[in-house]
2 protein chains.
Amino acid sequence: MAVTLKEVAERAGVSRSAVSRTFTDGASVSDKMRRKVEKAAKELGYSPNALASSLTTGRTKLIGLVSNNFHNPIFLEVFDLFTRGLQDRGLRPLLVNLTDETDPENSVRMLRQYSVDGVVVASSTLPPGFAKAFRDAGVPVVHSFGRASSAPQVHVVGIDNVECGRMAARELIERGYTHLGFMGGPEGATSTQDRYTGFMSEMSANPGIKASYSFADAYSFDAGRREMLRLLKNSPAQAYFCGDDVLSIGALSAIDDSGLACPDDIGLIGLNDMEMSRWENIDLTTIHQPIRQIVTSSIELMVAMLDDPERYPETRIFPCSIVERGTLKAEV
Amino acid sequence: MAVTLKEVAERAGVSRSAVSRTFTDGASVSDKMRRKVEKAAKELGYSPNALASSLTTGRTKLIGLVSNNFHNPIFLEVFDLFTRGLQDRGLRPLLVNLTDETDPENSVRMLRQYSVDGVVVASSTLPPGFAKAFRDAGVPVVHSFGRASSAPQVHVVGIDNVECGRMAARELIERGYTHLGFMGGPEGATSTQDRYTGFMSEMSANPGIKASYSFADAYSFDAGRREMLRLLKNSPAQAYFCGDDVLSIGALSAIDDSGLACPDDIGLIGLNDMEMSRWENIDLTTIHQPIRQIVTSSIELMVAMLDDPERYPETRIFPCSIVERGTLKAEV
DNA sequence: TGCAATTTTGCAACCGGTTGCAAAATGGGT
DNA sequence: ACCCATTTTGCAACCGGTTGCAAAATTGCA
């Protein structure tokens, strides 16, 4: 089928090693030899088999890109950035879509069968143990958007979700709201848990403030919408911190439908600063999560791991900041 | 590093072939042998190297999933469906993100180096020649969301975009609009071109109707928004067919901002029927594109191709239908 | 129990490359 | 032209599996 190294060698009248060396940079080949081989290779349309070579070199340049988040549009950007970034470094993303049913062990096995050089786990809704399973299998792992830990088992790149929760609460309090609401994403997600923790810690520091909380069952528009519709039926808080922009935008649409308006009737602050948040008719006040930096840093870390698999696990936390737009009332 | 077949063989005290056979289904192994081998394998934590075996079997079970569409949220669903569908069949998607700069030849070479068993091109904005490049390289190709052709060079699964254009135009005319607008996606995309052709063909059949057209520079919210803002500055049409829901929703936000309303001031019909279109505060009348069926069918076709690479190229077109919601005025 | 038919097993070659090592070729200096 | 140091080349073994073939083991049946 495909042209092999042997055929090129025969055509060029040289040894197989010679051909191999012309296609391995850093190998010693004379100019004459190189020209001969390249000529034969071009004539035959030869291109080396990356998998066969991986057998001896031990590197496949395959990186498992594992996620379970195929509903939050922000992840389309995440995939975009990851695939481009990996490609630019000559690495190939093998995409793994974890569903609720998939057994972590299964994906670990599969990725090991394909001898991936490393694994990027891109999700804030997976248990930390998941990323660990790869590490235990001896595969370099970077957990992007994972939970910060003071004693990380694997490399983690992300934000300080606890601090984000605090930041949101402080902002709402400063704006003069006295009854706050926390509307989180799925309760099992570490990101949700941490944001909740931060938010509530600020509550205990401000006893005069009343707080309520609830959780949407996914990081998606629909879930946010449904949850806000539910909240509006009872006595809603004055302002909500939504665990993600998609939830906020869903909530916004629910508020809209109920004949209410932001910020006049209800305040809203999100998290992520996705593209849509900037639209003039949405104009969502939100906490900016530096996606691009997180992805870039994750890739750098992965590349570093490939050079030194023993590298000590590291946590990289990027600062978030509030982007003020129009869904909170002006400071009093 | 990893446990190899040889080590398992030694531990079990059998030949390497025996071990290989226990892990190849359909091979002849006695129960006793199988038990011995499985015991040793479990003790050592052995799992076969898929790439090494691909060397002799000629199958990697890798499928190149090639796209350039990382901005339209509908594609997150497309990726979700593709990855899940492929995984369910034991195939592994190798994701390739084509940017404007990437040379098709380059990706072809890369995917051949990894000996992918097949390639799915998921894009309506790539030239047909792109998919052909893979076919020419002897790799099974399915072009999903590609242009229908009566003499297909590769398998194509998608919709009849020309018919969709016609359908949209007819709908608008039936509703009594007399000045119609076509707001397409990127002009170079075959999907845009075909929808335009269909739309305009209906125009020439109805000489009383006035039509104008323009193109957004990407299938994205922002592009739709920008384009509609531009249109609104001059004398806009009474109703627009937007080449995609994301464009429509962007346009909707522009209309909103300008103090106008749908359908009272301007009518809008989209294409795709994405999740957001159903939101009550968007409530977009649109043409439903059966994404799920297209993906499922693409995967089936790919699997069929793996069995019979010589299979004659086929075009599979799925019917679209109008989903009536609230962005067009009622019939007169 | 003996014998032929059938199943199971191991040998060895192969898949498409890489690489350590020694032999061959080249280059420099006198 | 000769000798030695350096570079280039080919041989052969190896990476982790698979598979055709023949030998060995098992089975069925008389």
Side-chain angles (χ1 to χ4, degrees), chain A residues 1-41 44-62 109-117 138, chain B residues 1-41 44-62 109-117 138:
Chain A
M1 186 76 185
V3 184
T4 73
L5 176 140
K6 194 173 144 206
E7 303 175 54
V8 177
E10 278 164 8
R11 170 132 194 165
V14 301
S15 74
R16 286 157 59 219
S17 346
V19 179
S20 173
R21 285 195 260 260
T22 32
F23 285 94
T24 323
D25 36 28
S28 138
V29 205
S30 70
D31 285 0
K32 192 162 50 137
M33 170 69 76
R34 159 152 286 142
R35 274 195 300 276
K36 259 199 294 188
V37 171
E38 278 174 350
K39 178 156 171 289
L44 294 168
Y46 170 72
S47 121
N49 181 329
L51 301 180
S53 75
S54 84
L55 212 45
T56 38
T57 60
R59 323 228 80 155
T60 54
K61 304 211 164 200
L62 291 173
R109 185 144 29 85
M110 185 241 114
L111 285 169
R112 292 218 328 157
Q113 290 185 338
Y114 279 83
S115 324
V116 293
D117 287 347
Chain B
M1 187 78 187
V3 186
T4 73
L5 176 140
K6 193 174 144 205
E7 304 174 53
V8 177
E10 278 163 8
R11 170 133 193 163
V14 301
S15 73
R16 289 158 55 220
S17 346
V19 179
S20 172
R21 287 189 182 104
T22 29
F23 286 94
T24 324
D25 35 29
S28 138
V29 205
S30 70
D31 285 359
K32 191 162 50 138
M33 170 68 77
R34 157 154 286 140
R35 274 195 302 275
K36 259 199 293 186
V37 171
E38 278 174 349
K39 179 156 171 288
L44 294 168
Y46 171 72
S47 123
N49 182 328
L51 301 180
S53 74
S54 82
L55 212 44
T56 37
T57 60
R59 321 229 85 154
T60 54
K61 303 209 165 203
L62 291 172
R109 185 144 28 87
M110 185 240 113
L111 286 169
R112 292 216 331 156
Q113 289 185 338
Y114 280 82
S115 325
V116 293
D117 287 349

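Model, not experiment: these values are computed from the prediction. Quick note on labels: first sequence line is chain A, next is B, and so on, each numbered from 1.
Side-chain contact between A/Asn49 and B/Ser115: present, with at least one pair of heavy atoms (C-beta onward) separated by less than 4.5 Å. The shortest side-chain heavy-atom distance between A/Leu51 and B/Leu55 does not fall under the 4.5 Å cut-off.
Considering only side-chain N and O atoms, B/Tyr46 lies under 4.0 angstrom from the phosphate OP1 or OP2 of D/dG17.
Here the closest non-hydrogen pair linking A/Leu5 and A/Arg16 is CD2-CB, 3.4 Å.
Between B/Asp25 atom CG and D/dT19 atom P the separation is 11 Å, expressed in whole Å. Rounded to an integer number of Å, the gap from B/Phe23 CZ to D/dT19 P is 16 Å. Atom C1' of nucleotide C/dG17 and atom CG of B/Asn49 are separated by 14 Å, given to the nearest angstrom. Atom CG of A/Leu55 is separated from atom C1' of C/dT18 by 10 Å (rounded to the nearest Å). Going from atom NZ of B/Lys61 over to atom P of D/dG17 covers 16 Å, rounded to whole Å. Distance NZ (A/Lys6) to C1' (C/dC14): 9 Å, rounded to an integer number of Å.
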Side chains of residues 25-41 of chain A: which donor-acceptor partners sit under 3.5 Å, not counting sequence neighbours?
residue : atom : partner : partner atom : Å
A/Ser30 : OG   : A/Met33 : N            : 3.2
A/Arg34 : NH2  : A/Thr22 : O            : 3.1
A/Lys39 : NZ   : A/Glu43 : OE2          : 3.3

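Nearest nucleotide to the side chain of A/Leu5, out of C/dG17, C/dT19, D/dC15: C/dG17.
Within the 3.5 Å criterion, the main-chain N or O of A/Glu7 finds no donor-acceptor partner in the side chain of A/Glu10. With hydrogens and angles ignored, the 3.5 Å screen pairs a side-chain donor or acceptor of B/Asp117 with a backbone N or O of B/Thr60.
Using a 4.0 Å heavy-atom cutoff across all strands shown, A/Thr4 reaches sugar-phosphate atoms only and no base atom. Within the 4.0 angstrom heavy-atom criterion, only backbone atoms of the sugar-phosphate kind lie near A/Ser53; the bases stay farther away.
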Nucleotides 8-13 of chain D: protein proximity per nucleotide (B base, S sugar-phosphate only, - neither; heavy atom, under 4.0 Å) = BBBBB-

